Amino acid sequence: MTKVFSGNLGYPRIGENREWKKAIEGFWAGKIQEEELHRALKSIRLGNLRVQRDRGIDIIPVGDFTYYDHVLDMSTMFGIVPPRFRYDGGAVPLQTYYDIARGNKEAAASEMTKWFNTNYHYIVPELSDVTPRLTKNRPLLAYREAKEELGIEGRPVLLGLYTFLKLSKGYEAAKRQEIVDKLLPLYVQVLRELADEGVKWVQIDEPSIVTSLTEEDIRLLHSIYGAITEQVSGIRIMLQTYFEAIEPYEAIIALPVQGIGLDFIHDRGANLEALRKIGFPKGKTLGAGVIDGRNIWRADLPKQGELLAQIIKLAEGSDIVVQPSASLLHVPVTVRNESALEPVLKEGLSFAEEKLQEVALLAKATSGANGEEVARQFEDSRRAVRNLQDSPARNVEKVREAMKQLSVYPSERQSSFEERRAKQKAKWQLPLLPTTTIGSFPQTAEVRAARRKWRKGEWDKERYDAFVREQIAEWIAIQKEIGLDVLVHGEFERTDMVEFFGEKLAGFAFTEGGWVQSYGSRCVKPPVIYGDVDFTESMTVSESVYAQSLTSKPVKGMLTGPVTILNWSFVRSDLSRESVCYQIALALRQEVEALEKAGIEMIQVDEPALREGLPLKHSERDGYLDWAVRAFRLSASTVKDTTQIHTHMCYCEFHDIIDSIRAMDADVISIETSRSHGELIQSFEEFTYPLGIGLGIYDIHSPRVPEVPEMVEMIERALKVLDPELFWINPDCGLKTRRKEETVAALRNMVKAAKAYRERTQTLNV
Ligand code: GLN
Ligand code: ZN
């Protein structure tokens, strides 16, 4: 007989009220001692276990909790500490652990990068010049704690060796086997100790399996798990994948492990399809991810129940673990405390705590126990989903009509770039190598305090607007004095570049406590796109027009682009992401039109998150890029030839999407590059970029003010591969996190560098 369990894969660390963040930051600031930090985090950790038990979860993960990041936990467990942190064996001290993540006076922090296609960031393990050894068996300690403190028989979680290698840097591909030979015995030791303790199952996460695998990758996976099974007995491995379908299915399900966990939500139907065609090995346990672990919507339980029933039937002869599609790390903690949301929306939401209950209900339903109660809960869920579905916010006639007419909105500019360029040159009369900035200026304590007062009602709207205007005026004066060519208003009215637009567009909602971890102690509260997105009022016109009234130099209008708004929000799941993105694009298009009409004829539409939406499978990427580029163009292409469209992006690796960037057809793009200038310049040796471009010539992430010669050198290097007639001079990102003095000093040097270069070319031309 098939047995069905409920299980979970990981739980948010941050606590119901971000207690986790507060404790850790308190420790960093020296406000609490290490002892107290341990106590505070332990209480969150045990609380999380209790919630999972009380919500009816049979298989509860232990060891997924962390003091910063679960990948860093693996590195430090294996003593993988870059030599610059002077670690000399034994358990890695907490201070060293945090130094790796955050840097210290002597040593730069390890690199941080995105965890697959989520907005979570992990610390990249550095494998060069280290000798891995087991410093402590973390999962074992977590297992013991859960058992001793709560009597919970947890399932320890480990990040698998294959994924760990894929996420690490500091070794050459050719040396891969050598690293495997060093790390494999450590995994074996960890697992043996767990087995000796009496642990029955471990969860080994191998999300890298869902990216595009080569033959060699598959061989490596087989050799890793073959060796582990051979060398460890008495413990079963649940090999957990998520975020996409496994491919090739047959090779993965054949791995020598006792259970395989599959994502049936974000697999585009492919896992189910493969299960139907190929089946599942009898005797292996199947982890069935049927509740969305990545999104915040309540499940339609009858529908997910049907999916589960199909899976159970297709995997006949296997035990089943009903579970979320991925760790619940990527969703907020609970809907319970939301007090301001419209009931129809609140009822339609499900965060981590609520998802546990959905999982437990689905598992329970398969046994037929508590039939009536379960049936009632199923009905409730269906009703909530339908009510949200039928709500007026999701059925805005005007938006639906516009979407039907999508093809009539031209997503192309009236003329080619060459024609526009000639007209723009005549209109704008900019010098060679024009100087500008990316948009925001320092968000000082004063600016934040003013916004707080306004939000709390201590200041009325007039008072707050007047304050914002003072800031704009001050910074327009500063920019004029420094001698920049294209000015900005400074974005003082915005806390966050997505939230600001979300608050003014229809279709968005904001939670009070919907925080998720972004990296380390930093949490974000993504807007919720729950309805049809529509333009309601102009969002940026008055600030831009005011700024422009203070100067004869051009002031750039400043918008966040549709793809970035989409990628940094929780998005309704009843429409495709593509459709939602077009809705946002059409709304922004109206803002672009309003700006142009108001005389703002340089407009920047930022897309820093465009690359973040790239699908994990290479084969899916072109499809995404096509609609993302189309959405951008839909928002920005409505303008006259003389109106100059700018865009900005925030990452260095754009080698592989450069064709799409070009297809966006922005008159000018600025790219964040100063941390990897060399690499970027190289990509332009292979590919000429024929539109206006500014490569950030200094790093805004550091308080250091670079000297003029340094910046001149940056410019000269870039101009070896780029056309000076198309080149712009700018910092590499917005300046909102910098202090005023640094900003002014750095911009002054930047303008001097541009002038020095201009003078030199002029004398050469004479
Ligand atoms: N215009 C935005 C700013 O300057 C761009 C921010 C970003 O690239 N993330 O703040
Ligand atoms: Zn940026």
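Given the structure is predicted, the values throughout are model-derived calculations rather than measurements. All ligand and atom numbering here is 1-based and tracks the order in the structure.
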Engineer: Cationic tip of R662 within the cone over Y689's six-membered ring, i.e. under 6.0 Å and within 45° of the normal?
Structural biologist: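 No - R662 does not lie over the ring of Y689 by the 6.0 Å and 45° rule.
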Engineer: Between Y464 and R451, is there a cation-pi geometry (under 6.0 Å to ring centre, at most 45° from the normal)?
Structural biologist: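 Verdict for Y464: no cation-pi partner in R451.
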Engineer: Are H266 and F116 an aromatic pair by the rule of ring centers under 6.0 Å?
Structural biologist: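 Centroid separation for H266 and F116: 6.0 Å or greater.
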Engineer: Check whether more than 12 heavy atoms from other residues, nucleotides or ligands sit under 6.0 Å from atom NZ of K480, and answer yes or no.
Structural biologist: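 Atom NZ in K480 is packed in, count exceeds 12.
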Engineer: Against E713, only a single residue in E710, M711, R717 fulfils side-chain contact (heavy atoms from CB on, under 4.5 Å); can you say which?
Structural biologist: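 Going through E710, M711, R717 one by one, the side-chain contact (heavy atoms from CB on, under 4.5 Å) with E713 is satisfied by R717 alone.
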Engineer: Taking the Zn ion (ligand 2) as the center, what protein N, O or S atoms are found at less than 2.8 Å?
Structural biologist: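 Near the Zn ion (ligand 2), below 2.8 Å, one finds H648 NE2, C650 SG, C733 SG.
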Engineer: Using side-chain contact (heavy atoms from CB on, under 4.5 Å) as the criterion, point out the one residue from I645, D665, V639 that pairs with R420.
Structural biologist: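 Among I645, D665, V639, the one that satisfies the side-chain contact (heavy atoms from CB on, under 4.5 Å) with R420 is D665.
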Engineer: Could you check whether R572 makes a cation-pi contact with Y530, meaning its NZ or CZ is under 6.0 Å from the centre of the six-membered ring and within 45° of the ring axis?
Structural biologist: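 The answer is no, since R572 fails at least one limit relative to Y530.
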Engineer: Hey, are Q604 and K556 close enough side-chain-wise for a donor-acceptor pair under 3.5 Å?
Structural biologist: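 Looking only at side-chain atoms, Q604 and K556 do form a donor-acceptor pair, the distance falling under 3.5 Å.
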Engineer: How about E620 and Y624: does a side-chain donor come under 3.5 Å of a side-chain acceptor?
Structural biologist: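 Y624 and E620 do not have a side-chain donor-acceptor pair below 3.5 Å.
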Engineer: List, for ligand 1, each N/O atom that has a protein N/O partner under 3.5 Å away, with both atom names and the distance.
Structural biologist:
residue  : atom   : partner : partner atom : Å
ligand 1 : 1 (N)  : I438    : O            : 3.1
ligand 1 : 1 (N)  : E491    : OE2          : 2.8
ligand 1 : 1 (N)  : D606    : OD2          : 2.6
ligand 1 : 4 (O)  : S440    : N            : 2.9
ligand 1 : 4 (O)  : S440    : OG           : 3.1
ligand 1 : 8 (O)  : H648    : NE2          : 3.0
ligand 1 : 10 (O) : S440    : OG           : 2.7

